[in-house]
A.B. asks: 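This is the structure I want to talk about, given as structure tokens.
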Amino acid sequence: MRKFILLGGAALALSLSAQAMRAQSGTVAKGPDPETVKDLEAEKSAMHELGVARHYFKMKKAYVAAFKRTEELIAGYPEFSRLDEALYIAGMSSLYLSEGKGKQAVPKAPAERAAEFTPEALRSNARAYLARLVKEFPESKFRKDADEALAQLGPEKQ
């Protein structure tokens with residue numbers, strides 16, 4: 001019985017040692033580099049908001065909820081390390097809403113805010129968020145999809 005306990009303990013120690021070595025060598029990467037993030041608590045909060053927005057966007061096709069979450073995230077966390085994804089979700093959610101896609105209807109806004117939810121205004125929002133993504137994050141993995149959506153949207157109507 002002692003042999004099994006000793007062998008189990010040795011195996012655990014080797015496993016933990018290997019994990020520590022991988023972490024030091026940089027092969028295990030979870031989250032942003034703490035050296036580049038100014039406020040870790042803000043980054044953590046923003047990451048949560050992005051996760052919720054991503055869930056609404058991908059899983060639920062709830063584009064109103066995804067758009068609102070990312071709009072608040074973009075305004076509240078301008079230094080967020082995953083801002084490119086937030087811009088992408090905001091832009092594509094707005095585009096999809098302008099096309100009547102998704103499982104949520106465009107909200108009925110009060111008369112003074114009704115212009116914010118017209119298809120033209122939603123397309124303008126989509127264009128603004130996606131253009132910002134392309135301009136500020138040229139190496140983003142969302143760049144190609146943003147370029148395609150911008151081509152579909154065409155130039156801003158004057």
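Numbering starts at 1 and runs along the sequence shown.
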A.B. asks: Between atom NZ of Lys101 and atom NZ of Lys61, what is the distance when rounded to the nearest 0.5 Å?
C.D. replies: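 Here the interatomic distance stands at 10.5 Å.
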A.B. asks: At what distance, to the nearest 0.5 angstrom, does OG1 of Thr70 lie from OH of Tyr88?
C.D. replies: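 Separation between the atoms: 12.0 Å.
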A.B. asks: Given the rule that I, L, V, M, F, W and Y join up when any side-chain heavy atoms are under 4.5 Å apart, are Tyr63 and Val106 in one cluster?
C.D. replies: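 Linked, Tyr63 and Val106 end up in one cluster.
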A.B. asks: Compare every heavy atom of Leu153 with every heavy atom of Arg127, then report the nearest pair and how far apart it is.
C.D. replies: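 Residues Arg127 and Leu153, closest heavy atoms: NH2-O, 3.2 Å.
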A.B. asks: Are Phe142 and Met47 connected in the hydrophobic side-chain network, where two residues link if heavy atoms are under 4.5 Å apart?
C.D. replies: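 Yes; Met47 is reachable from Phe142 via cluster members.
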A.B. asks: So if you build clusters from Ile, Leu, Val, Met, Phe, Trp, Tyr with side-chain heavy-atom gaps below 4.5 Å, do Val52 and Leu87 land together?
C.D. replies: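 Per the 4.5 Å side-chain linkage, Val52 and Leu87 are not co-clustered.
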A.B. asks: Going through the checks in order, is the side chain to side chain contact (heavy atoms under 4.5 Å, CB included) test met by Arg132 and Leu83?
C.D. replies: CA-CA 10 Å; Arg132 181 174 169 195; Leu83 195 60; 3.6 Å; yes
A.B. asks: Please report the interatomic distance CG(Asp145) to OG(Ser140), rounded to the nearest 0.5 Å.
C.D. replies: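 Here the rounded value is 9.0 Å.
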A.B. asks: Considering non-hydrogen atoms only, spot the tightest contact between Ala149 and Leu130 and give its length.
C.D. replies: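 Answer, listing the atom of Ala149 first, then Leu130: CB-CD1, 3.6 Å.
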A.B. asks: Mind checking the CD1-CZ spacing from Ile74 to Arg69? Nearest 0.5 Å is all I need.
C.D. replies: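 With rounding to 0.5 Å, CD1 (Ile74) is 13.5 Å from CZ (Arg69).
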A.B. asks: Please report the shortest heavy-atom distance between Leu50 and Ile89, naming the atom on each side.
C.D. replies: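 Looking at all heavy atoms of both residues, the shortest contact is CD1-CD1, 4.0 Å.
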A.B. asks: Roughly how far, to the nearest 0.5 Å, is the CZ atom of Arg123 from the OG1 atom of Thr118?
C.D. replies: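 The CZ atom of Arg123 is 11.0 Å from OG1 of Thr118, to the nearest 0.5 Å.
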A.B. asks: Report yes or no: does Ser98 contribute a side-chain atom to a donor-acceptor pair with the main-chain N or O of Leu95 at less than 3.5 Å?
C.D. replies: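 Side chain of Ser98 to backbone of Leu95: a pair is present.
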A.B. asks: Identify the two heavy atoms, one from Leu122 and one from Ser94, that lie closest to each other, and give their separation to 0.1 Å.
C.D. replies: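 Of all heavy-atom pairs spanning Leu122 and Ser94, the closest is O-OG, 2.6 Å.
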A.B. asks: Would you please test Glu99 and Gln152 for side chain to side chain contact (heavy atoms under 4.5 Å, CB included) and show each step?
C.D. replies: CA-CA 12 Å; Glu99 297 171 344; Gln152 175 189 341; 2.7 Å; yes
A.B. asks: May I ask you to decide whether Arg82 forms a salt bridge with Glu85, counting only side-chain N to carboxylate O separations under 4.0 Å?
C.D. replies: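 Between Glu85 and Arg82 there is a salt bridge, with a charged N closer than 4.0 Å to a carboxylate O.
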A.B. asks: Please check if atom OH in Tyr56 has more than 12 non-hydrogen atoms from other residues, nucleotides or ligands closer than 6.0 Å.
C.D. replies: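 No, not enclosed.
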A.B. asks: For side chain to side chain contact (heavy atoms under 4.5 Å, CB included), just list the numbers for Tyr96 and Phe57, CA-CA rounded to whole Å, side-chain angles, deciding distance to a tenth of an Å, and then say yes or no.
C.D. replies: CA-CA 10 Å; Tyr96 293 155; Phe57 182 75; 3.9 Å; yes
A.B. asks: What distance separates Ser124 OG from Tyr129 OH, expressed to the nearest 0.5 Å?
C.D. replies: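 The distance works out to 10.5 Å.
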A.B. asks: Do Lys103 and Lys60 make a side-chain contact, defined as non-hydrogen atoms from C-beta onward lying under 4.5 Å apart?
C.D. replies: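 In short, these two side chains do not touch, never coming nearer than 4.5 Å.
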A.B. asks: Of all the heavy-atom pairs spanning Gln104 and Leu97, show the shortest one and how long it is.
C.D. replies: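 Here Gln104 and Leu97 meet closest at O-CD2, 4.1 Å.
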A.B. asks: Taking the side chain as everything from C-beta on, heavy atoms only, tell me whether Val134 gets closer than 4.5 Å to Arg143.
C.D. replies: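 When only atoms from C-beta onward are counted, Arg143 and Val134 do touch, with a gap below 4.5 Å.
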A.B. asks: Ignoring hydrogens, what is the shortest heavy-atom contact between Ala46 and Phe80? Give both atom names and the distance.
C.D. replies: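 Taking every non-hydrogen atom into account, CB-CD1, 3.4 Å.
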